[in-house]
Amino acid sequence: MSPASLPARIVLHVDLDYFYAQCEENLNPALRGKPVVVCVYSGRTGDSGAVSTCNYQARSYGVKAGIQIVRARKLLEAADATFIPMNRPHYEEISTRIMDILEPFGNAFEKAGIDEAYLELTSSINGDFEKAEQIAHEIKQTILKQEQITCTIGVAPNKLLAKIASDYNKPNGLTVIRPEDVKAFLGELQVNRIPGVGSKTEQRLHQLKVERVDQLARLDLSVLQKAFGSNVGNCLYLAARGEDEEPVKGREQPTQVSRIATLKKDTHEISEILPLLEELASSATLKLTQRAMTCKTVSIIAILGDLSIHSKSKTLESPTSEERIIAQASKDLIAQFLKSAQSALVRRVGVKLSGLSNRSGQTDISRFIDQ
DNA sequence: CCCTCGATCAC
DNA sequence: CCTCATATCGAGGG
């Protein structure tokens, strides 16, 4: 700790292991020890769709999130594997209970997804990483005892490093990065271990002869900003040094609601698209009203036969949560898209509602304006 | 500064 | 023949 400074921050990142698949193992304990694959079936043919997540037995056969179910079947044909359709509401329920366990452990708490959260411990333990490690063990025990779910925890001086730490040794792991170890720990890692560096950014970094974080740390800020834009460039520059000041903060309400689905067959006939589009608009609107919110902007997303992604959006004159308005806007947008991209074969369609705000109190200002 | 759209990420 | 949901950024137009 530098003299006359505040105690080092201590942040935990808790990541629930292979979460959906672990929930399914608990629902049916006979599955434990065998490959379990949780799937999103698209409904086109029997096994069309993708793998959402799978347990580690399945991973040992090369199965992972995102691959086609058909491919997972082939990889696992010699194994006694179970394929299960995703049951999101059930996982949400388990997640909520676990988040309720986690929250009291920190001075601040941030849910960062259905299966991950950050906890700020700084002010409660005065920079003591030993204590933080004990608390991490206690958290793991509590979640295991109360929900039979294992997790992996990263303990570090900020959110960025805590996330990298939890990613380092899964499942059922615990990794601590102390301030004095940051440079050595980070330098050795491949750049794709930095959150936000996916395959595209990784490729572009490789073109700059950068593969590991210590190599990234040798690039000037200006070089990174020129290559990746001022914001991303700056983030990469700081990340390479393990620097991150983002506070652990309760998340605001989500700022968008979206629904997407796959058509039975590719088509350019609007009449074959509208029924599904209306369902999606209805479902998204339901979610919106359940949250007691309104939206200002309606978008449609079209994914074509070649998997290219297109979108069209429209900002309304006034915020709404009325299904008829949202459905009509969606129809107008898809019609507009089909006209612009004639002969486009649509594979999937989606509806997105954004520009959300709380509907509390100030319902419909138009009542006071017109008249 | 707002809107639209595509891209990217990560789930 | 490749799911679903969300957030964020940057470019380009106005």
Side-chain angles (χ1 to χ4, degrees), chain A residues 15-16 18-21 37-54 64-72 83 85-89 91-92 95 111-116 163 167 191-205 225-236 239 246 251-266 280 283-284 287-288 291 296-317 333 336-337 340-341 345-356:
Chain A
D15 195 325
L16 307 178
Y18 62 101
F19 183 52
Y20 298 175
V37 185
V38 178
C39 304
V40 186
Y41 290 97
S42 69
R44 276 208 160 180
T45 64
D47 263 347
S48 64
V51 170
S52 176
T53 191
C54 62
K64 56 183 179 179
I67 72 168
Q68 293 170 29
I69 297 168
V70 175
R71 216 183 122 206
F83 289 74
M86 179 168 75
N87 178 3
R88 190 73 89 96
Y91 315 140
E92 303 260 10
S95 170
K111 178 178 159 132
I114 192 170
D115 64 349
E116 54 186 290
K163 170 109 176 152
D167 196 46
V191 286
N192 66 3
R193 308 306 284 274
I194 297 172
V197 176
S199 69
K200 297 292 179 182
T201 309
E202 184 185 10
Q203 279 175 29
R204 284 156 69 196
L205 283 168
Q225 287 183 321
K226 189 167 289 184
F228 297 97
S230 60
N231 205 303
V232 173
N234 190 46
C235 286
L236 287 170
E246 285 305 304
R251 299 245 165 149
E252 317 303 317
Q253 277 187 302
T255 59
Q256 66 185 51
V257 172
S258 63
R259 290 289 183 272
I260 187 164
T262 304
L263 291 154
K264 284 290 176 198
K265 61 186 284 270
D266 296 3
L280 296 168
S283 168
K287 186 76 181 175
L288 188 70
R291 290 209 185 121
K296 186 82 164 46
T297 302
V298 177
S299 314
I300 59 97
I301 301 132
I303 298 175
L304 307 187
D306 62 3
L307 301 184
S308 61
I309 301 171
H310 307 260
S311 65
K312 287 234 174 282
S313 63
K314 171 182 188 176
T315 298
L316 306 170
E317 306 76 18
L333 287 164
Q336 196 186 320
F337 171 75
S340 74
L345 277 178
V346 180
R347 177 186 176 86
R348 310 175 62 210
V349 284
V351 173
K352 179 175 88 166
L353 311 179
S354 56
L356 307 191

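Below, chain A is the first sequence line, B the second, and so on; all start at residue 1.
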If I take atom [atom1] in residue [X] and atom [atom2] in nucleotide [N], what distance separates them, rounded to the nearest angstrom?
X        : N      : atom1 : atom2 : result
A/Gln203 : B/dA7  : CD    : P     : 15 Å
A/Ile309 : B/dG6  : CD1   : C1'   : 9 Å
A/Leu333 : B/dC5  : CG    : C1'   : 12 Å
A/Ile301 : C/dA5  : CD1   : C1'   : 9 Å
A/Ile300 : B/dT4  : CD1   : P     : 13 Å
A/Leu288 : C/dA5  : CG    : P     : 15 Å
A/Gln256 : C/dT6  : CD    : C1'   : 5 Å
A/Ile114 : B/dC11 : CD1   : C1'   : 10 Å

Pairwise 5' ranking along DNA chain C for A/Arg259 and A/Thr45, keeping only the more 5' one: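 The residue whose closest nucleotide sits nearer the 5' end is A/Thr45.
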Taking the nucleotide of DNA chain C with the closest heavy atom to each, which residue, A/Phe228 or A/Val257, is nearer the 5' end?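 Going by which nucleotide is closer to the 5' end, it is A/Val257.
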Can you check whether [X] has a side-chain N or O nearer than 4.0 Å to OP1 or OP2 of [N]?
X        : N      : value
A/Thr201 : B/dC9  : yes
A/Ser299 : B/dT4  : no
A/Thr262 : C/dC4  : yes
A/Ser52  : C/dT3  : no
A/Arg88  : C/dC4  : no
A/Arg44  : C/dC1  : no
A/Lys64  : B/dA10 : no
A/Lys312 : B/dC5  : yes
A/Ser258 : C/dT6  : yes
A/Ser311 : B/dC5  : no

Nearest heavy-atom neighbours spanning A/Ser42 and A/Ser48: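 The pair with the smallest heavy-atom distance is OG-OG, 2.7 Å.
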Specify the closest pair of heavy atoms between A/Thr201 and A/Phe228, including all atoms of both residues, with the distance to one decimal.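 Closest approach of A/Thr201 to A/Phe228, heavy atoms only: CG2-CE2, 3.8 Å.
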Using a 4.0 Å heavy-atom cut-off across all strands, classify [X] as base, sugar-phosphate, or nothing.
X        : value
A/Gly66  : base
A/Leu307 : base
A/Thr255 : sugar-phosphate
A/Val232 : sugar-phosphate
A/Gly198 : sugar-phosphate
A/Lys265 : nothing

Working to the nearest 0.5 Å, report the span between [atom1] of [X] and [atom2] of [Y].
X        : Y        : atom1 : atom2 : result
A/Leu353 : A/Thr255 : CG    : OG1   : 11.5 Å
A/Ser308 : A/Ile303 : OG    : CD1   : 9.0 Å
A/Cys39  : A/Met86  : SG    : CE    : 10.0 Å
A/Ile301 : A/Ser313 : CD1   : OG    : 10.0 Å

Of all the nucleotides listed ([options]), which has the minimum atom distance to the side chain of [X]?
X        : options               : answer
A/Ser313 : C/dC9, C/dT3, B/dT4   : B/dT4
A/Arg347 : C/dT3, C/dG10, C/dA7  : C/dT3
A/Arg348 : C/dC4, C/dC9, B/dC3   : C/dC4
A/Asn231 : C/dT3, B/dC11, C/dG10 : C/dG10
A/Ile260 : B/dC9, C/dA7, C/dA5   : C/dA5
A/Gln68  : C/dC1, C/dA7, C/dA5   : C/dC1
A/Thr297 : B/dT4, C/dC9, C/dT3   : B/dT4
A/His310 : B/dC11, B/dG6, C/dG10 : B/dG6

Who pairs with C/dG14 - Watson-Crick or G-U, where each distance is under 3.5 Å: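 Across all strands, the one nucleotide that pairs with C/dG14 is B/dC1.
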Taking any strand in view, what nucleotide pairs with C/dC4 in a Watson-Crick or G-U wobble way, both distances under 3.5 Å?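 Pair assignment: C/dC4 / none.
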Have a look at A/Thr262 and tell me which of A/Arg347, A/Arg348, A/Arg44 forms a side-chain hydrogen bond (donor to acceptor under 3.5 Å, both in side chains) with it.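 Only match with A/Thr262 under side-chain hydrogen bond (donor to acceptor under 3.5 Å, both in side chains): A/Arg348.
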In a check of side-chain contact (heavy atoms from CB on, under 4.5 Å) between A/Tyr20 and each of A/Asp115, A/Thr53, A/Asn87, which one passes?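 When side-chain contact (heavy atoms from CB on, under 4.5 Å) is applied between A/Tyr20 and each of A/Asp115, A/Thr53, A/Asn87, only A/Thr53 qualifies.
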Taking atom C1' in both B/dA10 and C/dT3, what distance in whole Å separates the two?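 Result for the C1' pair: 13 Å, nearest Å.
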